[in-house]
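Working notes, structure below.
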Amino acid sequence: MNLETHLSEHDEDVKQVILRVAEIAKTISKGFAARRGASDSSNVYGERQAAMDVWADDLLISALRGSGLVRHVASEEQPGVLTFDGSASDLGVTIDPLDGSSLIGVNLTVGTILGIHRGGVLRPGEALLGAMYVLYGPLTTLTYCLRDGVHEFTLNGRGEFTLHEEYVTIPEGKIFSPGALRRDWLPAHRAYIEGLEAEGYKLRYSGSFVADVHQILHRGGVYSYPAYTGGEEGKLRLLFEAAPMGFVVSQAGGAASDGRRDILSIKPEAVSQRVPVYIGGKGEIRLIEDMTGQES
Ligand code: FDP
C-alpha cells in the first residue's frame, strides 16, 4: 500500500501536508552527494549549518508555504515563527529539516522531523495532531503517527513510499543510547546508566538523535540526552526534536520524559527551548523518574 492510500482516512489538510513533505524528502534524499560540507552560515544556536541544513530548510518551508494549508512554521534553522497569512487551514508545523547533520560528512544516517499542530506551534507535545520523521540511511524511510498507530514506509526504486510496517510498537529491549560527555553527567543520571550497564544493556549511540530513537523504537531500551554540568537544560530542542519523537514513541507504547515529568506535558515558552531527554520503554522511563525523584 502506498502512503497516499494509507492516509486516506485522515483530515485532507493534514494528509496533504504529509504528502508534500514526503515529496520533498525524496528530493532531499538525492541531494547529499552535491552538499556534503558546511555552509558559511550559522543558525540561531550559533551552530555552523551544513549545506544540507540550509537547502533542506528552504525546500521544506517553500513546500509548506506553497501548500496554502499551513499558517505557522517553526524551523530549527530559523530564528522565529514564520506566519503565512491567507492560508486556507490553521495548521502549525515544527520542522527539524536535518537532524544529526554533523554526521552528513561521514555518511551516517540523518533525518527530518516534523510536528503537526492545529493553531500555533508553542503548544505541548500532548496537543500534537501528529508527528512524522524521515530517515536518510541505506534506505529512505518515512514514519508517521496521527494518533492512530505508528506506521513506517520505505521509498522504493520507483520513487514511491510503500508500507513497510503498520502499528509499530516498542518492544522490550536492552539498548541504551546515552548522549553528553560521561564526565559531565549528574549523579542520578550516572547511577541510572550504571544500573542499565549492570543489567546488560548494550551501548548503541550514533550521534543522530532521530536515528538513535528510531533504533530504540524498533529494538527497545532507552535514548537519553540528559541535563549535564554546564548544560542543565540539556542539549536537544523541545519543539523540534523531543516533543515530536517523544510523541511517536509514546504512541507506540513507550514514553518520554525530561527525567521528572512527561515531555509531552511541557508547554514551550520559547521556540528555542532545550530540554533533557529520555525516550524509550515505559519501564526505563519510570526508572529514571524514580531515581531523579529520590534525589530531590
Ligand atoms: P547535530 O548537532 O548533528 O544536529 O541536536 C542535534 C544533534 O545532532 C542530535 O541529532 C544528536 O543526537 C546530538 O545533537 C549529538 O550531540 P553530541 O555530539 O553531543 O553527541
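For ligands, and for the atoms within them, numbers begin at 1 and follow the listed sequence.
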task: Not counting sequence neighbours, which residues clear salt bridge (Lys or Arg N to Asp or Glu O under 4.0 Å) with R183? List them please.
output: none
field: Whether T112 side chain and V134 backbone form a donor-acceptor pair below 3.5 Å
entry: no
message: Is any side-chain heavy atom of I18 closer than 4.5 Å to one of L7?
response: yes
field: Partners passing ring pair (Phe, Tyr, Trp, His ring centres under 6.0 Å) against Y136 (at least two apart in sequence or in another chain)
entry: F32
- prompt: Protein residues near ligand 1, heavy-atom distance below 4.0 Å?
  reply: D99, G100, S101, S102, Y205, G207, S208, F209, Y223, Y225, K235, L236, R237, E241
query: Does D212 use its side chain to pair, donor to acceptor, with the backbone of G207 at less than 3.5 Å?
result: yes
- prompt: Going by the salt bridge (Lys or Arg N to Asp or Glu O under 4.0 Å) test, which pairs reach into residues 145-165, not counting sequence neighbours?
  reply: R158-E160
